[in-house]
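Start at 1 with the first residue, then count along the sequence.
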Amino acid sequence: MTSPVESSRLGRLELVEYPHPALLRRARPLARIDDAVHDAVEQMFEIMYQAGGIGLAATQVALPYRLFIVNVEARPDAGEELVFINPVLSRPRGNAVQEEGCLSLPGLRMDVRRPERIVVKAWSLTGEPFEADLDGLLARVVQHEFDHLEGRLFTDRLPDAAALEARRTLDTFREVFAGKQSRGEVPVDAELLAQLDRLEAERCGNA
Ligand code: NI
């Protein structure tokens, strides 16, 4: 008798920092929303609040899935907890410059130019499709988190001079990460990539 295929639990999630490979490659659409995904979203909100963030993408907790969460109030007792699964952005309009930071690049904050308004279509955690026309901070956070699903960070959107400035900080992050890997505190890239492949195989279709 064969046992049913069980999706592995996702375990204890942790925030990962640049240049963890999960942050640098395109996430894959979720083909199903199982208990483990519900558990992951719950953990992601805890992690985000603890870090004082207003948005968090699955790739930032080393999950290669097209999923991110937002609460612009950054507190569990205020604002609205939004979950975006397999989001699609369209109709970018206007543009605005605002300072951004990222939980995967702690300490770095820079001005980023983005469309002022966008339309997002996504699925909720209960599998309901929804669509919203966003502006202001919500439009900005959604675009920042969507970039994470594309393997992009806000530092990829800087004008030349600012990009050069950010580069020094990114070099430092790379040295710190390599140091952790050489001391065995973080698995080597090949191992991290193999884990991402396993997670994709469990919950993503053949896209
Ligand atoms: Ni970020």
Side-chain angles (χ1 to χ4, degrees), residues 15-19 22-30 41 44-45 47-61 63-126 128-170 173:
L15 200 55
V16 299
E17 293 181 2
Y18 178 87
L23 295 167
L24 304 176
R25 74 175 197 179
R26 193 165 188 271
R28 295 263 306 275
L30 273 171
V41 167
M44 284 171 66
F45 275 109
I47 289 165
M48 184 180 82
Y49 293 136
Q50 211 153 43
I54 58 176
L56 186 69
T59 53
Q60 294 181 275
V61 291
L63 296 179
Y65 305 140
R66 299 189 79 76
L67 156 69
F68 61 77
I69 61 166
V70 173
N71 181 348
V72 292
E73 295 297 331
R75 285 163 42 196
D77 57 349
E80 195 182 350
E81 294 191 334
L82 304 169
V83 179
F84 299 80
I85 295 172
N86 299 344
V88 177
L89 303 188
S90 61
R91 297 186 60 209
R93 285 149 289 156
N95 73 80
V97 175
Q98 196 177 326
E99 195 181 64
E100 294 186 19
C102 179
L103 297 180
S104 297
L105 293 167
L108 186 66
R109 300 194 62 86
M110 302 196 84
D111 283 342
V112 182
R113 178 180 298 277
R114 295 185 187 274
E116 205 166 13
R117 299 184 66 173
I118 43 114
V119 170
V120 60
K121 279 190 201 183
W123 277 262
S124 72
L125 195 52
T126 52
E128 299 292 318
F130 66 93
E131 181 175 338
D133 195 337
L134 306 177
D135 62 11
L137 184 58
L138 199 48
R140 180 162 293 266
V141 184
V142 163
Q143 291 177 84
H144 175 115
E145 302 312 327
F146 184 86
D147 272 354
H148 274 300
L149 307 186
E150 296 292 298
R152 276 199 302 258
L153 301 169
F154 76 84
T155 45
D156 296 320
R157 294 196 175 273
L158 301 174
D160 288 349
L164 207 60
E165 195 186 325
R167 201 179 179 145
R168 283 197 298 270
T169 307
L170 296 182
F173 274 107

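When atom types are taken as modelled, the side chain of R66 and the backbone of L149 share a donor-acceptor pair closer than 3.5 angstrom. Judged purely by atom type and a 3.5 angstrom limit, E145 uses its side chain to pair as donor or acceptor with the backbone of A57. Judged by distance alone, the side chain of N71 and the main-chain N or O of R75 form a donor-acceptor pair under 3.5 Å. Judged purely by atom type and a 3.5 angstrom limit, E17 has no side-chain atom pairing as donor or acceptor with the backbone of P106.
Minimum heavy-atom separation, I54 to A74: CG2-CB, 3.8 Å. Considering all non-hydrogen atoms of both residues, Y18 and L153 come closest at CD1-CD1, 3.4 Å. Of all non-hydrogen atoms in I118 and P92, the two that sit nearest each other are CG2-CA, 3.9 Å. Heavy-atom minimum distance, V16 versus V61: CG2-N, 4.5 Å.
Side-chain contact between I85 and L125 is present, with heavy atoms from C-beta onward closer than 4.5 Å. Counting only heavy atoms from C-beta outward, the side chains of V112 and L158 approach each other to under 4.5 Å.
The line from CE of M44 to CG of L63 is 7.0 Å long, rounded to the nearest 0.5 Å. Going from atom OG1 of T155 over to atom CG of L170 covers 5.0 Å, rounded to the nearest 0.5 Å. Here the CG-CE distance, from L105 to M110, works out to 11.0 Å after rounding to the nearest 0.5 Å. Residue K121 holds its NZ atom at 12.0 Å from CZ of F130, rounded to the nearest 0.5 Å.
Residue pairs meeting the salt bridge (charged side-chain N to carboxylate O under 4.0 Å, His left out) criterion with at least one partner in residues 153-164, sequence neighbours excluded, are D147-R157. Residues in residues 161-170 take part in no salt bridge (charged side-chain N to carboxylate O under 4.0 Å, His left out) pair, two or more places apart or across chains. The stretch residues 81-95 participates, sequence neighbours left out, in these side-chain hydrogen bond (donor to acceptor under 3.5 Å, both in side chains) pairs: Y49-E81, R93-D133, N95-R113.
Not counting sequence neighbours, the partners of S124 by the side-chain hydrogen bond (donor to acceptor under 3.5 Å, both in side chains) test are T126. The ring-ring contact (aromatic ring centres under 6.0 Å, His included) search around F154 returns none, not counting sequence neighbours. Residues that satisfy the salt bridge (charged side-chain N to carboxylate O under 4.0 Å, His left out) test with E100, not counting sequence neighbours, are R114, R140.
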Task: CA sep, side-chain torsions, deciding dist, call: L138, L82, side-chain contact (heavy atoms from CB on, under 4.5 Å) - done: CA-CA 10 Å; L138 199 48; L82 304 169; 3.9 Å; yes
